[in-house]
Number of protein chains: 2
Amino acid sequence: MDTNCCDGASAHDNPQKRTDDLARNIIEQIADKWTILVIDALGTHGEMRFSRLRDMVEGVSQKMLTKTLRQLERDGLVTRYVHPVIPPRVDYQLTPLGRSLLDKICGIWDWVEVHMSEMEKARHEFDHGEKAARSSASA
Amino acid sequence: MDTNCCDGASAHDNPQKRTDDLARNIIEQIADKWTILVIDALGTHGEMRFSRLRDMVEGVSQKMLTKTLRQLERDGLVTRYVHPVIPPRVDYQLTPLGRSLLDKICGIWDWVEVHMSEMEKARHEFDHGEKAARSSASA
DNA sequence: CGGTATCCGTGCGGATACTG
DNA sequence: CAGTATCCGCACGGATACCG
């Protein structure tokens, strides 16, 4: 496959072959349900502790939340601070890098907000109109 | 969970409760590996027939490609044109709506291109530095 | 060629139990 | 409270076979 849609001066060469793989790998990480929702939640509310986060991100299991957070931490998108207290208290927050990604993600959210109804309509039409489609436009 | 990160004037109200669900549903659709790669491919090369698309999107099975395309079609993001010839020939292309989404996705790709190395480094450090982390910075 | 139907492996992800 | 470990279902997705 080719690199991406708008590669002005990045790929093509061979030496940068792994560049594509890495990019795709990262994209596939980001393009994850929980990842996006977690980044989103942290973006909205700032630093949060684990349990808070868990009920902000509706429907996430603690397993998935942990996993997602670990990955985000590994990628340098969030920081994890373990307060040396008992019972444990762990706070998460976006790094600058994470926040810059958040901006992009917000772009998608906004897009969705704007085009939601349009898409809903399209779906509706598709779901039954279908048959008449190309062959016999009713008009 | 709350709506999203930057809701200026969309949710909160009750009547718009399903708005959130729909938005989230759509996001989860878009936040799909193949979906993104397909949109990307169509964005780069314009109208394409099925088989071409299949080998542009490296690694996609024909099942997943079909499924993905159907969904994109349903959402009004791509059009599907079946040429009335034999053997069959089916062309896909982005709708204006699809292209507007592509822009946002490109934003993410660009972001990735820019911050890739940063993330790679972060991963590397995380993968072994780890231990020394907070308690005893080596320096 | 484009697509559907079927079979089937596997890994994602939820639920539960347990630890520090 | 935060996290790990374990078990396990199930749906995601690949491979194959077949149709128009």
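Labels below follow one simple rule: chain letters A, B, ... track the order of the sequence lines, proteins then strands, and each chain is numbered from 1. All of these numbers come straight from a predicted model, not from anything done at the bench.
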Does a distance-only test, which skips hydrogens and angles, find a donor-acceptor pair under 3.5 Å between the side chain of B:Q62 and the base of C:dG2? no
Nearest whole Å is fine: how far is [N] [atom2] from [X] [atom1]?
| X | N | atom1 | atom2 | value |
| --- | --- | --- | --- | --- |
| A:E73 | D:dA2 | CD | P | 15 Å |
| A:E58 | C:dG14 | CD | C1' | 16 Å |
| A:K67 | D:dA5 | NZ | C1' | 15 Å |
| A:L53 | D:dA2 | CG | P | 10 Å |
| B:H83 | C:dG3 | NE2 | C1' | 16 Å |
| A:R54 | D:dC1 | CZ | C1' | 8 Å |
| B:D55 | C:dG2 | CG | P | 10 Å |
| B:Y92 | C:dG2 | OH | C1' | 7 Å |

What's the closest nucleotide to the [X] side chain, out of [options]?
| X | options | result |
| --- | --- | --- |
| B:R70 | C:dT4, C:dC1, C:dA17 | C:dT4 |
| A:W34 | C:dG14, C:dG2, C:dT4 | C:dG14 |
| B:K63 | D:dA2, C:dG2, D:dA15 | D:dA15 |

Quick one: pull up CZ in B:R74 and CD in B:Q29 and give me the separation to the nearest 0.5 Å. 7.0 Å
Looking at [X], does any N or O in its side chain come under 4.0 Å of the phosphate oxygens OP1/OP2 on [N]?
| X | N | answer |
| --- | --- | --- |
| B:R80 | C:dG3 | yes |
| B:Y81 | C:dG2 | no |
| B:S61 | D:dA15 | no |
| B:R49 | C:dG2 | yes |
| A:S51 | D:dA2 | yes |

In terms of the nearest nucleotide of DNA chain D, which residue is placed more toward the 5' end: A:R89 or B:M64?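 The residue mapped nearer the 5' terminus is A:R89.
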Judged by nearest nucleotide, the residue sitting upstream toward the 5' end of DNA chain D, B:K33 or B:P88, is B:K33
Salt bridge or not for B:R70 and B:E73, using N-O below 4.0 Å? yes
Where do A:L69 and A:R80 land on the side chain to side chain contact (heavy atoms under 4.5 Å, CB included) test, with the steps shown first? CA-CA 8 Å; A:L69 285 168; A:R80 172 174 181 266; over 6 Å; no
Which is it for A:L97 and B:W111 under the side chain to side chain contact (heavy atoms under 4.5 Å, CB included) test, yes or no, and what are the steps along the way? CA-CA 10 Å; A:L97 187 60; B:W111 183 92; 3.7 Å; yes
Linking I/L/V/M/F/W/Y whenever their side-chain heavy atoms sit closer than 4.5 Å, directly or via other members, would A:V78 and A:V82 fall into one cluster? yes
